Enquirer: 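One structure, as structure tokens, below. Some questions next.
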Amino acid sequence: MAGISRPRGTDDLLPARVAARERAVAVGMEVAGRYGYQRIETPVFEATELFVRGVGDTTDVVNREMYTFTDRGGRSLTLRPEGTAPAVRAFWESDLRQAPLPVRLAYAGPMFRYDRPGRGRYRQFNQFGVEVLGDTEPELDAEVIALAWRWLAALGVAGTSLQLNSIGDGECRPAYRAALLDHFEPHLAQLPELDQARLRRNPLRILDSKELGSEELLATAPRTTDFLCSGCREAFDRVLQALQAYRIPFALNPRLVRGLDYYVRTTFEVWHEDLRGAQNSLFGGGRYDGLSELLGYPAAPGVGFAAGLERVVLLAPEAAGPQPPVVFLLAAQPAAAATVIVLAERLRERGHEVICDPGRRSLKAKMRGAERSGAALVVILGDAELAAGTATVRRLGDGHQAEVAADDLEQQLQVLVPNWN
RNA sequence: GUGGCUAUAGCUCAGUUGGUUAGAGUGCCAGGUUGUGGCCCUGGAGGUCGAGGGUUCAAGUCCCUCUAGCCACCCCA
């Protein structure tokens, strides 16, 4: 087809899919509200520096996936690739910092990453996420996970598994990193090229390698959880205990490392069996106690998660909720057109959903239109009704039909459809 | 960013070894006598066969480039 098509990796949402996504967000905000989280919105673009410093300049997100541009004032701006760094910035720039800690926040909105598109992966995608700022209590990690878990349950998403790990902090991670390097270094030459590069750039990343040549070495590699310092060890134990109290099943996954640099201690992802291969991650998150300082602010520990709404919606069963009854008002003859419009407006003012067809098409065509619109009732006005001051009301479905006084239309409609609201 | 597969009406797809005006189902519009939907019947609109080049007497069918989607990798949501 000629003409201009939408940019790669973007999508037009038709009414049914808009409704599905809005439902996912609404349910998420409702569940979050029950845990005391309040919604915020931050700009879609931010200073580029916010992500370079927050997410980390060794990450793919920053290296090659950012939509960065210079505005007319010479500032380098970036369409946000994630929501955590903006939330921390907003915390410090607003009076949230004076609120009692911890601050519990929820957000939803579009994110942008210049990645190669595929099923469940878009260049503009939507996330729902929460952040808890200003507190290091490990039970908060479990709270965030619980909230996310309940959200999926409320949407009817089944077949998920919670993958959990602790990657330590500034105190114990250097020792672990050294042990990891010791383990792989003697065999460096035999490793696939990709994994050699990983060891150089970001050693932890080798843990989620899927390269065949590394399998054996990975199986015997040291585990993050064996190197935790006492602080991290105790915190992780408390997370596990809290999750048990929440009755949330989890799978310990010592090879779960996350791609963003700011994570410490708890990391987690939720996987789904039907999302094959690369895009099996429904959402991910973790603790990021050092992020605030990376951004140049005072310390503010935090924990949170972000979920990909496109992937969640892909797995959520259709919610075919009860549709409000719709009235279809039509003119049988041109003379009734004005009256049809007047009556339609009167019903709309009272909150009813009304489709109006005062045009010149045949009655038969209009009736077919009414049928296909999904309306519950048709109101017909023509020469006969005008002369008598009445309206003909027909119930689609069973074909019941009645003549009612036009002035009394709304009340008569309620009689014909008992559960009218 | 790497490799592979795919691309024909709004949608789902046919289209035989390259050969006349490219089809079906569904959807859409209109009719089947005068003011009535669903079922049925009939008719109509709608495609520069993703875009651009090339080979050939002849290309939807073969070749190249580009674009987009899907799969695997990379990475993540």
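Please read all numbers here as calculations on a predicted model, not as lab measurements. Letters A, B, ... mirror the listed sequences (proteins, then strands); counts begin at 1. Quick note: numbers below take in every heavy atom, side chains included, and nothing from hydrogens, waters or symmetry partners.
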Enquirer: Is a donor from one side chain sitting under 3.5 angstrom from an acceptor on the other, for A:Q124 and A:Y67?
Expert: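 On atom types as modelled, these side chains do not qualify, holding no pair under 3.5 Å.
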Enquirer: Between B:C73 and A:R116, is there an OP1 or OP2 to side-chain N/O distance shorter than 4.0 Å?
Expert: no
Enquirer: Pick base, sugar-phosphate or nothing for A:R64, based on heavy-atom distances below 4.0 Å to the nucleic acid.
Expert: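 The residue A:R64 makes base contact.
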Enquirer: More than 12 non-hydrogen atoms from neighbouring residues, nucleotides or ligands closer than 6.0 Å to CZ on A:R223, yes or no?
Expert: no
Enquirer: Hey, does the side chain of A:R123 reach the backbone of A:D115 with a donor-acceptor pair shorter than 3.5 angstrom?
Expert: yes
Enquirer: Testing A:T266, A:L252, A:L207, A:T225 for side chain to side chain contact (heavy atoms under 4.5 Å, CB included) with A:N165, which one passes?
Expert: A:T225
Enquirer: Distance check: side-chain N/O of A:R361 vs OP1/OP2 of B:A30, anything under 4.0 Å?
Expert: yes
Enquirer: Along nucleotides 35-41 of chain B, 5' to 3', which nucleotides get a B, which get an S, and which get a -, given that the test is a protein heavy-atom distance under 4.0 Å?
Expert: BBBB---
Enquirer: Going through the checks in order, is the side-chain hydrogen bond (donor to acceptor under 3.5 Å, both in side chains) test met by A:E131 and A:T84?
Expert: CA-CA 7 Å; A:E131 313 289 350; A:T84 301; 2.9 Å; yes
Enquirer: Does the base of B:C75 carry an N or O that pairs as donor and acceptor with the side chain of A:R121 under 3.5 Å?
Expert: yes
Enquirer: Look at the aromatic rings of A:F305 and A:F283 and report parallel, tilted or perpendicular, splitting at 30° and 60°.
Expert: tilted
Enquirer: NA contact type, A:D60, heavy-atom cut-off 4.0 Å: base, sugar-phosphate, or nothing?
Expert: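 A:D60: backbone/sugar contact only, no base atoms under 4.0 Å.
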Enquirer: For a quick check, tell me whether the side chain of A:R198 and the base of B:C74 share a donor-acceptor pair closer than 3.5 Å.
Expert: no
Enquirer: Just checking A:Q38: does its CD atom have more than 12 heavy atoms from other residues, nucleotides or ligands closer to it than 6.0 angstrom?
Expert: no
Enquirer: Using the test ring pair (Phe, Tyr, Trp, His ring centres under 6.0 Å), find all partners of A:Y288 that sit at least two apart in sequence or belong to another chain.
Expert: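 A:Y288: ring pair (Phe, Tyr, Trp, His ring centres under 6.0 Å) contacts with A:Y262.
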Enquirer: Within the 4.0 Å heavy-atom criterion, would you say A:A306 contacts the bases, only the backbone, or no part of the nucleic acid?
Expert: sugar-phosphate
Enquirer: Scan A:G9 against the nucleic acid and name what it touches under 4.0 Å (heavy atoms): base, sugar-phosphate only, or nothing.
Expert: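 Counting heavy atoms under 4.0 Å across all strands, the contact made by A:G9 is with sugar-phosphate only.
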Enquirer: Across the strands shown, which category fits A:F283 at heavy-atom distances under 4.0 angstrom: base, sugar-phosphate, nothing?
Expert: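 Touches sugar-phosphate only.
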Enquirer: Just need the stems in RNA chain B: three or more back-to-back Watson-Crick or G-U pairs, each with both distances under 3.5 angstrom, sorted by first number.
Expert: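 Output for stems: B:1-7 with B:67-73, B:10-13 with B:23-26, B:28-32 with B:40-44, B:50-54 with B:62-66.
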Enquirer: In terms of heavy-atom contacts, does CD of A:Q411 have more than 12 from other residues, nucleotides or ligands at under 6.0 Å?
Expert: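 12 or below, so no.
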